[in-house]
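See below for the structure under consideration.
We name chains A, B, ... by the order of the sequence lines, and we start the count at 1 in each one.
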Amino acid sequence: MAEKKTPREILESKGPIDKDVLGIKLRGVKPDAALVDLQTPIPLDAQFDLVRRGQKEALELIRHSSAHVMADAVQRLFPGTKVTFGPATENGFYYDFDRKGGAFSDEDLAKIEATMREIIATKSSFKRERISREDAIALFSGKGETYKVEWMQTLPPDTEFTVYRHGPAGHEWVDFCKGPHVPNTADLAAIKLTAVSGTYWRGQEGNPVLQRIYGTAFASEKALEAYLKQVEEAKARDHRKLGKELELFAFDEAAPASPFFLPRGAKVYHRLVDYVRDLYFRYGYDEVVTPQIYSNEVFRTSGHLANYRENMYMALTVEEFEDEKVFAKIRESMTDPTGDPEKLAFLAKHTRGVKAMNCPGHAQLFSHRKRSYRELPWRCADFGRLHRFERGGVVHGLARVRTFCQDDAHIFCTLAQVEAEIGKFNALLDEVYGAFGFQDVNIKLATRPDKRMGSEAQWDEAERALGKALEGVGRSFEISEGEGAFYGPKLEYHVKDAIGRSWQLGTIQVDFQMPQRFELKYVDEHGKDQTPVMLHRAVLGSLERFFAVYLEHIAGNFPVWLAPEQICLLTVSEKVEDYAREAEGFLRSRGVRTALDLSPDKLGAKIRSARGMRYPYLAVIGAKEAEGRTLALRRGNEELGALPLEQIADRLVDEGKFPRKG
RNA sequence: GCCAACCUAGCUCAGGGGUAGAGCAGCGGUUUCGUAAACCGCAGGUCGUGGGUUCAAAUCCCAUGGUUGGCUCCA
């Protein structure tokens with residue numbers, strides 16, 4: 001083995017080390033192994049770059065070390081609390097604890113933060129130490145750190161065991177940890193604890209519940225403040241807040257996690273649907289309308305009854321409730337976790353389910369009559385309402401609801417057509433995401449999950465088809481292991497919004513299962529029956545979630561083509577009310593979505609409240625405008641002067657058109 | 001579902017054992033007004049819901065619904 005020295009030794013041999021250097025980054029090493037601290041030995045001939053405070057990579061060191069300091073503080077303040085894991089994350093760090101007294105309160109957080117500052121002020125070094133497995137286990141067993149010991153015992157035999165210590169002599173805190181860390185606690189300049197939550201030991205439901213404390217840390221107070229400001233900005237854009245303020249949608253206990261779209265929100269919602277319809281017309285889709293409730297025979301065939309039951313609402317009639325014998329058997333069969341085929345058959349015969357996906361209905365529709373290869377690919381679109389039972393803790397505004405609608409379609413095609421269809425879908429997505437101003441689109445290929453249907457060979461083929469199609473149109477993608485749907489792998493399209501958050505919108509999934517299960521057939525050019533392939537795809541995904549994402553992306557400022565009202569007319573005094581009504585009538589007759597403020601407020605107040613409602617255009621009407629049959633137009637802060645009604649109508653009609661590529 | 005916090009007027013929030021408060025919105029009036037808040041007045045709440053403790057509960061306790069932040073799950 002080549003001789004090794006620590007980066008500190010290597011650097012010091014060349015002169016004093018700049019105190020801004022917190023670690024190094026090895027060249028030509030896997031990304032997750034490249035970041036190394038100054039005290040971890042590396043081969044003498046290793047190539048590396050310095051990681052200085054202020055660089056992105058330095059944050060990982062700072063945050064991981066902050067997690068240690070936090071755990072130290074917690075154990076000082078709350079003796080007997082056991083430590084588990086405490087990594088750096090994208091926005092900060094956390095550490096999971098098992099605390100005897102249960103959860104940490106906000107007051108606890110304040111105390112912990114104060115103690116952290118004391119520890120940081122001791123300016124003590126982080127010291128790395130190699131240790132044998134036996135010694136490590138003995139050390140942490142002695143401290144009663146049962147989680148650490150459990151973890152160590154599961155590590156493979158060739159693991160290098162290291163511990164990191166920090167703190168003044170006599171008060172050193174030690175953690176089993178592979179690093180890397182900053183050189184000194186003094187390198188932690190800006191920390192803040194942000195939240196507490198419960199979590200399961202090693203992320204497994206059923207394991208003991210741990211207390212997680214979240215925090216964040218930056219290279220400077222200034223950077224921390226900037227981050228906190230960005231969090232505030234995200235809060236100000238929160239779609240739930242905007243939805244209320246702009247009177248777009250509401251929620252009610254009468255239907256938890258199910259949005260009520262108010263008149264203004266409904267206008268936007270329908271504009272979105274109409275926009276997608278317009279695309280469908282141009283991209284060769286046929287829209288269908290399908291039932292809400294199906295015999296469970298359909299969901300047995302599709303596999304939903306066996307694989308998706310916990311998320312489905314079931315629809316029973318009074319008659320079924322009345323027959324106690326049948327009802328008891330329904331209950332027993334429905335709650336049986338094994339998915340016993342006999343029980344599924346009974347359910348299929350006696351019960352109905354509310355659709356959670358459109359695909360079974362579309363498969364049913366495909367086999368409605370004999371199909372020819374000449375009609376393929378058949379792109380069958382549906383804005384059907386879906387109902388999915390989501391567990392209480394997961395629902396979130398419009399972004400995660402129990403009833404929603406997707407811009408959903410299923411493409412029935414031959415295997416040979418798959419690649420071209422995915423290419424075409426890509427083109428559609430490019431147009432749409434461009435229209436909404438989403439610049440940054442990332443594609444992920446989600447592969448077979450643990451709970452799935454179909455043979456390995458079919459999964460191989462489907463996964464290969466998706467990858468190949470993407471390569472065919474020259475798109476790069478990441479693999480997302482085990483994240484596919486139960487019936488097939490999928491491509492997920494993730495977009496970044498205006499403040500840098502990533503959201504999954506579109507998806508396209510290859511499915512060999514559904515056609516087989518529904519025994520779908522088309523007649524090929526030789527008169528022989530063939531099984532089609534089904535592609536499940538959505539562009540915006542759920543309209544509800546898209547509404548949320550987009551609302552936050554634009555911070556409530558809808559473009560003219562989507563805004564609930566494109567213009568709001570503001571009167572200077574009651575004297576011009578008649579003309580204002582006439583102008584409103586005229587604009588509406590031209591199809592312009594127009595609001596009118598006739599309240600007795602002064603103009604300044606009207607402008608203020610109209611700005612609050614974020615109308616794209618405002619039009620002031622006073623005596624001059626009434627006289628000249630004009631409107632004093634204003635867009636944002638820009639006054640465009642008095643323009644003739646006719647001209648304004650033309651302008652809004654034009655700007656109100658669906659965006660089109662090319 | 002799990003851990004925690006929260007729920008007071010349409011909205012945003014104050015009050016935390018002793019007679020329910022403010023601002024905005026609403027309604028009535030005065031003002032008829034030119035580009036980000038005119039003035040005066042009125043009305044509005046079984047303090048999420050149900051139990052309990054107490055002479056007395058918005059306030060303390062228990063249960064339950066909903067919401068929020070996480071965990072897990074996901075469009």
Applying the Watson-Crick and G-U wobble criteria at under 3.5 Å, what pairs with [N]? Answer none if nothing qualifies.
| N | answer |
| --- | --- |
| B:G21 | B:C13 |
| B:C74 | none |
| B:U68 | B:A4 |

(message) Tell me whether the ring of A:Y214 lies stacked over the B:G70 base, given a 5.5 Å limit on centroids and a 30° limit on the plane angle.
(response)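 Stacking between A:Y214 and B:G70: absent.
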(request) Would you confirm whether the ring centroid of A:Y308 sits within less than 6.0 angstrom of the ring centroid of A:Y487? (result)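 Between A:Y308 and A:Y487, which both carry aromatic rings, the centre distance is not below 6.0 Å.
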(message) Quick check for you: among B:U67, B:G34, B:A75, whose closest atom lies nearest to any side-chain atom of A:A257?
(response)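 Side chain of A:A257 sits closest to B:U67.
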(message) Please enumerate all residues that pass side-chain contact (heavy atoms from CB on, under 4.5 Å) together with A:A623, with sequence neighbours excluded.
(response)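 In terms of side-chain contact (heavy atoms from CB on, under 4.5 Å), with neighbours along the sequence ignored, A:A623 is linked to no residue.
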(message) Looking at A:K496, I'd like to know if its NZ atom is crowded, meaning that more than 12 non-hydrogen atoms belonging to other residues, nucleotides or ligands lie closer than 6.0 Å.
(response)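 Not buried by this count: 12 neighbours or fewer within 6.0 Å.
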(request) Verify the neighbour count for atom CD of A:E627: are there more than 12 heavy atoms of other residues, nucleotides or ligands below 6.0 Å? (result)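 Atom CD in A:E627 is not crowded, with 12 or fewer foreign heavy atoms closer than 6.0 Å.
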(request) Identify whether any heavy atom of A:V401 sits under 4.0 Å from a base atom; if not, whether one sits that close to sugar-phosphate; answer base, sugar-phosphate or nothing. (result)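 If one applies the 4.0 Å heavy-atom cut-off, A:V401 turns out to touch a base.
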(request) Report, as a single string ordered 5' to 3', how protein heavy atoms within less than 4.0 Å touch nucleotides 5-14 of chain B: B base, S sugar-phosphate only, - not at all. (result) ------SS--
(message) Could you tell me if A:R309 sits above the aromatic ring of A:F299, with its cationic atom closer than 6.0 Å to the ring centre and no more than 45 degrees from the axis?
(response)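 Here A:R309 fails the 6.0 Å and 45° test against A:F299.
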(message) For A:F78, does the six-membered ring have the charged nitrogen or CZ of A:R99 within the cation-pi criterion, i.e. under 6.0 angstrom from the centroid and within 45° of the normal?
(response)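 Geometry flag: set, cation within 6.0 Å and 45°.
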(message) Could you check whether A:E107 pairs with A:K111 (Lys NZ or Arg NE/NH1/NH2 to Asp/Glu carboxylate O, under 4.0 Å)?
(response)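 A:K111 and A:E107: not salt-bridged.
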[X] [atom1] - [N] [atom2] separation (whole Å):
| X | N | atom1 | atom2 | answer |
| --- | --- | --- | --- | --- |
| A:D597 | B:A25 | CG | C1' | 13 Å |
| A:R402 | B:A75 | CZ | P | 16 Å |
| A:L210 | B:U72 | CG | C1' | 14 Å |
| A:K602 | B:C39 | NZ | P | 9 Å |

(message) When the C1' atoms of B:G21 and B:A36 are compared, how many Å lie between them, rounded to an integer?
(response)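 Rounded to whole Å, the distance is 29 Å.
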(message) Counting distance alone, no hydrogens or angles: does the base of B:U72 have a donor or acceptor under 3.5 Å from a partner atom on the side chain of A:R391?
(response)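 Checked by distance alone, the answer is yes.
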